[in-house]
Amino acid sequence: GESVGLHLPTLSVQEGDNSIINCAYSNSASDYFIWYKQESGKGPQFIIDIRSNMDKRQGQRVTVLLNKTVKHLSLQIAATQPGDSAVYFCAQRTGGFKTIFGAGTRLFVKA
Amino acid sequence: EAGVAQSPRYKIIEKRQSVAFWCNPISGHATLYWYQQILGQGPKLLIQFQNNGVVDDSQLPKDRFSAERLKGVDSTLKIQPAKLEDSAVYLCASSPAGTSGNNEQFFGPGTRLTVL
């Protein structure tokens, strides 16, 4: 079946450094990808998205890269801050509806 | 703008008991979703409503789970009877439009269910 998975379950970075969170997906027909941030005790929060006809999209301090050739998605966070500590999920959507989430990567930011 | 509201926030029950969760989506949002999030995993879609109709319930264990959204606004998710493996956080989300495009979902805080 479809799957969206992450390479690393945890990532620890120093405050101020850049973070890169990676994700692999299996369904090449997916047309839309999303990154979510989930803090403890809260629901996932949308960070940034990208459509399959793009390979890069930038937001405020975040960049998403999509490599359809190897079915890989990454989230880059510039100048990581303590408030960025959370679990990050990549998700894919095919045909405009069901969103399939990966397992998540926990990001720890060391002060 | 108020977010997605869920209640209760926590619930502890014994196996074979029944439980119900309530969700109030963001005002005007046509689409409502219920997800199950087991500890250490990503959310898994259980059911999706468009107004008061079911769009997708393919992953809902229908022998014990049921959900309704009678007036196209609030929704309830029920488990009867509960099993140990139902222990999870149940997340409700809503989105403004239909099922096309980049329809951003807004999540509530979830209900943490513990089945003993």
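Lettering of chains follows the sequences in order, A, B, ..., and the numbering in each one begins at 1. Below, all heavy atoms of this structure are taken into account, side chains as well, without hydrogens, waters or symmetry copies.
One finds the OH atom of B/Tyr35 at 4.0 Å from the OG1 atom of A/Thr99 (value rounded to the nearest 0.5 Å). Atoms CG and NZ, from B/Leu45 and A/Lys98 in turn, are 6.5 Å apart once rounded to the nearest 0.5 Å. In this structure, A/Phe46 CZ and B/Phe107 CZ are separated by 11.5 Å, a value rounded to the nearest 0.5 Å. Of the inter-residue distances, the one linking B/Glu104 atom CD with A/Ile34 atom CD1 reads 9.5 Å to the nearest 0.5 angstrom.
Summarising the local packing, CD of B/Gln17 is surrounded by more than 12 heavy atoms from other residues, nucleotides or ligands at distances under 6.0 Å. In the displayed structure, A/Lys68 atom NZ is contacted under 6.0 Å by more than 12 heavy atoms of other residues, nucleotides or ligands. In B/Leu116, the CG atom is crowded: over 12 heavy atoms of neighbouring residues, nucleotides or ligands sit closer than 6.0 Å. Within a 6.0 Å radius of CD in A/Gln14, more than 12 heavy atoms belonging to other residues, nucleotides or ligands are found. Crowding of B/Gln41 atom CD: a count of heavy atoms from other residues, nucleotides or ligands under 6.0 Å exceeding 12. Counting non-hydrogen atoms of other residues, nucleotides and ligands closer than 6.0 Å to NZ of B/Lys71 gives a total of 12 or fewer.
Interface residue B/Gln37: only side-chain heavy atoms are found under 4.5 Å from chain A. Contact of B/Arg112 with chain A is not made at all, since no heavy-atom distance falls under 4.5 Å. No part of A/Gln45 comes within reach of chain B, as not one of its non-hydrogen atoms sits under 4.5 angstrom from that chain.
Note on B/Leu60 and A/Phe101: separate hydrophobic clusters, where clusters join Ile, Leu, Val, Met, Phe, Trp and Tyr whose side-chain heavy atoms are under 4.5 Å apart, directly or indirectly.
In this structure, the side chains of A/Tyr36 and B/Pro43 stay at 4.5 Å or more apart for every pair of heavy atoms.
In plain terms, the two heavy atoms of B/Leu91 and A/Pro44 that are nearest each other are CD1-CD, 3.8 Å.
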